[in-house]
Engineer: 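Take a look at the following structure, please.
In this text, all values refer to a predicted model and were calculated from it rather than measured experimentally.
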Amino acid sequence: MRVIRAFNRDKFEQDRFGEANKDYTHTAIKVFTIVSFMLPIMTLIMSGTNMGIIWYGAKLISNQTMQVGNLVAFMTYAAQILMSFMMLSMVFVLIPRASASAKRINEVLEMKNSVKDPEQPISVSEETKTASLEFKNVDFRYKGMDELAIDGANFKATAGQTVAIIGGTGSGKSTLVSLIPRFFDPEKGEILINGTDIKTMSQKDVHAKVSLAQQKSVLFQGTVRENMQFGNPDATDDEIWHAMEIAQATEFIHKDEDGLDAWVEQNGDNFSGGQKQRLTIARTLVKQAPVYVFDDSFSALDFKTDAELRHSLREDSQIQKSVVVIVAQRIATVADADLILVIDDGKIVGQGNHQELKANNETYWEIIDSQIKKGDQANG
Ligand SMILES: Nc1ncnc2c1ncn2[C@@H]1O[C@H](COP(=O)(O)OP(=O)(O)O)[C@@H](O)[C@H]1O
Ligand SMILES: [Mg+2]
């Protein structure tokens, strides 16, 4: 509604709605006109039949070839048969409607998931393994597309490390991270979490190993606590507050007011973009996992909050010995990561730390250059 108002499209939308409404009205009037004839016609036929029966029956009775009781019985049978015909005609009205709905429902039910569990998934016990994430020559293509969306991705991160992915919009950052929880299967290559190919695990296991904050912050109607417990229903209040502190969410969710009972509207509409991002980050942290992924989750934060958040996130991941994957657009967000992947057009065109990339990666240098220039203009 706001988009429509802001772009002054009220008239256009009203007309569009009017058009659809008119079309429906037209069809409905046509259909119900036909249907409305049915009742009088049926009554006419029924009464006519009765008249015929009585007229003919009366003659037979007066000739004394039939009993009055038989005539009454005959009339009852005739009425029953005619009623059935009337029902039948009603069914003909309902069948097309039902079949159109059934067709659509079946389309949804028959949709096959392209990602399947292996027949004998291997079970991996978590406690004995140290966290790691590895991509081995991963190629990925969206269904029906000619070009590869991810082309030969190769990297490895181990416990306590932070991997940052930087690149322009549409370069394939979100696509790359969506392969980690196996939302899609790569065309070629392997993705290993804690040394195990994710294709050999059950999807449930994979999802338990990856905690993901998606690019678009999605919150649900309910209390803050309910939202935080979404990935970990057993989380205690202390654990939740700890995650909220790392995510810098205690700035606006205060212990001394409603605290975790604070209300979240549908879509989190009663929070700003940056606040929503911080809450989704906290929710991601409450679900304990060896691999955390934050897809552009810092974009709506101011520089100070961004820096503080990454600092405490880093400390926490080193204590927990987990792997953290951060997707970002700003150099400042990625600069202190252990491994930075520069991605351009689906290819990883450089990897290393900030100093290495700054010294010898052209794309990385271009990103720095463009952001420094922008900063200068803003200052001057
Ligand atoms: N569901 C999809 N189907 C087909 N192409 C897609 C889909 N999602 C993204 N793409 C394409 O893949 C490329 C990378 O997109 P994305 O990973 O979202 O980029 P980023 O997150 O770096 O901005 C883009 O060119 C985009 O058009
Ligand atoms: Mg993205």
Side-chain angles (χ1 to χ4, degrees), residues 1-51 78-115 141-147 149 169-170 172 174-175 178 183-184 213-223 226-227 230 263-277 279-280 295-296 299-300:
M1 289 242 286
R2 283 186 196 160
V3 177
I4 293 165
R5 262 194 244 150
F7 286 91
N8 251 336
R9 298 286 277 184
D10 311 32
K11 180 85 176 57
F12 172 80
E13 291 296 332
Q14 271 163 15
D15 288 352
R16 204 164 66 100
F17 180 69
E19 202 66 38
N21 235 340
K22 231 189 311 189
D23 192 41
Y24 178 70
T25 312
H26 197 71
T27 318
I29 289 177
K30 221 159 74 184
V31 170
F32 284 103
T33 313
I34 297 171
V35 173
S36 66
F37 274 109
M38 230 158 61
L39 202 67
I41 289 176
M42 276 296 172
T43 318
L44 199 72
I45 293 175
M46 240 152 107
S47 310
T49 314
N50 272 346
M51 269 165 65
Q80 262 177 16
I81 292 168
L82 283 170
M83 273 310 262
S84 311
F85 272 112
M86 200 151 133
M87 287 295 184
L88 202 66
S89 65
M90 287 307 254
V91 169
F92 279 119
V93 175
L94 292 175
I95 282 180
R97 280 197 211 174
S99 79
S101 312
K103 209 167 124 191
R104 180 71 194 116
I105 291 170
N106 277 333
E107 265 173 27
V108 175
L109 290 179
E110 277 162 17
M111 194 80 194
K112 290 269 180 297
N113 198 344
S114 64
V115 176
R141 198 191 307 266
Y142 280 108
K143 213 173 157 189
M145 294 284 157
D146 296 332
E147 285 185 28
T169 34
S174 296
T175 308
S178 67
F183 287 161
F184 304 102
Q214 284 187 291
Q215 183 157 14
K216 190 171 180 293
S217 322
V218 178
L219 293 170
F220 301 102
Q221 190 179 41
T223 61
E226 282 164 6
N227 271 281
F230 199 64
W263 189 249
V264 180
E265 295 286 351
Q266 194 169 16
N267 292 323
D269 280 344
N270 53 337
F271 291 99
S272 78
Q275 290 174 333
K276 267 195 279 191
Q277 279 194 337
L279 288 174
T280 45
D295 188 357
D296 237 335
S299 57

Engineer: Looking only at heavy atoms, what is the nearest atom pair of Gly268 and Lys276, with distance?
Structural biologist: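 It is O-CD, 3.6 Å.
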Engineer: How about Met46 and Thr43: do any of their side-chain heavy atoms sit closer than 4.5 Å?
Structural biologist: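 Not in contact.
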Engineer: Calculate, to the nearest 0.5 Å, the distance between atoms CZ and CD belonging to Arg16 and Glu19 respectively.
Structural biologist: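 Answer rounded to 0.5 Å: 11.0 Å.
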Engineer: So how far is it from Asp296 CG to Gln214 CD, rounded to the nearest 0.5 Å?
Structural biologist: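 Answer rounded to 0.5 Å: 12.5 Å.
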Engineer: Grab the two heavy atoms, one from Val264 and one from Thr223, that are nearest each other, plus how far apart they are.
Structural biologist: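 For Val264 versus Thr223, the nearest heavy atoms are CG2-C, 4.1 Å.
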Engineer: When you measure from the centre of the six-membered ring of Phe12, is the NZ or CZ of Arg9 under 6.0 Å away and within 45° of the axis?
Structural biologist: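 The answer is yes; both the distance and angle limits are met.
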Engineer: I'd like to know if the side chain of Asn8 and the backbone of Ile4 have a donor-acceptor N/O pair within less than 3.5 Å.
Structural biologist: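 Judged by distance alone, no pair lies under 3.5 Å.
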Engineer: In this structure, are over 12 heavy atoms from other groups packed under 6.0 Å from Phe230 atom CZ?
Structural biologist: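 It does not: Phe230 CZ has 12 such atoms or fewer within range.
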Engineer: Could you state the interatomic distance from OG1 (Thr280) to NZ (Lys216), rounded to the nearest 0.5 Å?
Structural biologist: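 It is 11.0 Å, given to the nearest 0.5 Å.
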Engineer: So Glu265 and Phe271, do their side chains get closer than 4.5 Å, heavy atoms only?
Structural biologist: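 Counting from C-beta outward, Phe271 and Glu265 never come under 4.5 Å.
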Engineer: Over all heavy atoms of both residues, which pair between Gly273 and Ala300 is shortest? Give the atoms and the distance, please.
Structural biologist: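 Of all heavy-atom pairs spanning Gly273 and Ala300, the closest is C-CB, 4.1 Å.
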Engineer: About how many Å separate CG of Asp15 and CG of Asn21, when rounded to the nearest 0.5 Å?
Structural biologist: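 Reported value, rounded in 0.5 Å steps: 12.0 Å.
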Engineer: Where do Trp263 and Gln221 come nearest, in terms of heavy atoms and distance?
Structural biologist: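 Nearest heavy atoms, Trp263 then Gln221: CZ2-CG, 3.7 Å.
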Engineer: Kindly check if the number of other-residue, nucleotide or ligand heavy atoms within 6.0 Å of CE (Met83) is above 12?
Structural biologist: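 Check fails, neighbour count at 12 or below.
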Engineer: Nearest 0.5 Å please: distance from the OG atom of Ser178 over to the CD atom of Gln215.
Structural biologist: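 Between atom OG of Ser178 and atom CD of Gln215 there are 11.0 Å.
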Engineer: Is any side-chain heavy atom of Phe184 closer than 4.5 Å to one of Thr175?
Structural biologist: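 Answer no - side chains too far apart.
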Engineer: Counting only heavy atoms not in Phe32, do more than 12 sit closer than 6.0 Å to its CZ atom?
Structural biologist: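 Count not over threshold, so no.
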Engineer: Measure across Met90 and Met38 and return the closest heavy-atom pair with its distance rounded to 0.1 Å.
Structural biologist: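 Nearest heavy atoms, Met90 then Met38: SD-CE, 3.7 Å.
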Engineer: Excluding sequence neighbours, so at least two apart, what forms side chain to side chain donor-acceptor pair (under 3.5 Å) with Asn270?
Structural biologist: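 Once residues adjacent in sequence are excluded, Asn270 has no partner under the side chain to side chain donor-acceptor pair (under 3.5 Å) criterion.
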Engineer: Is the count of non-hydrogen atoms from other residues, nucleotides or ligands lying under 6.0 Å from Glu107 atom CD greater than 12?
Structural biologist: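 Yes, the 6.0 Å shell around CD holds more than 12 heavy atoms from other groups.
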Engineer: Let me confirm one number: the CD1-CE distance from Ile45 to Met86, rounded to the nearest 0.5 Å.
Structural biologist: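 Reported value, rounded in 0.5 Å steps: 10.5 Å.
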Engineer: For residues Val108 and Arg104, determine if any side-chain heavy atom of one lies less than 4.5 Å from a side-chain heavy atom of the other.
Structural biologist: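 SC-SC contact between Val108 and Arg104 confirmed.
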Engineer: Kindly say whether Asp146 contributes a backbone atom to a donor-acceptor pair with the side chain of Arg141 at under 3.5 angstrom?
Structural biologist: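 Side chain of Arg141 to backbone of Asp146, a donor-acceptor pair under 3.5 Å: yes, one is there.
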Engineer: Side-chain contact, heavy-atom cut-off 4.5 Å: Leu279 with Leu219?
Structural biologist: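 They are in contact (side-chain heavy atoms under 4.5 Å apart), so the answer is yes.
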Engineer: Would you say CZ of Phe220 has more than 12 non-hydrogen atoms from neighbouring residues, nucleotides or ligands within 6.0 angstrom?
Structural biologist: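 Check passes, neighbour count above 12.
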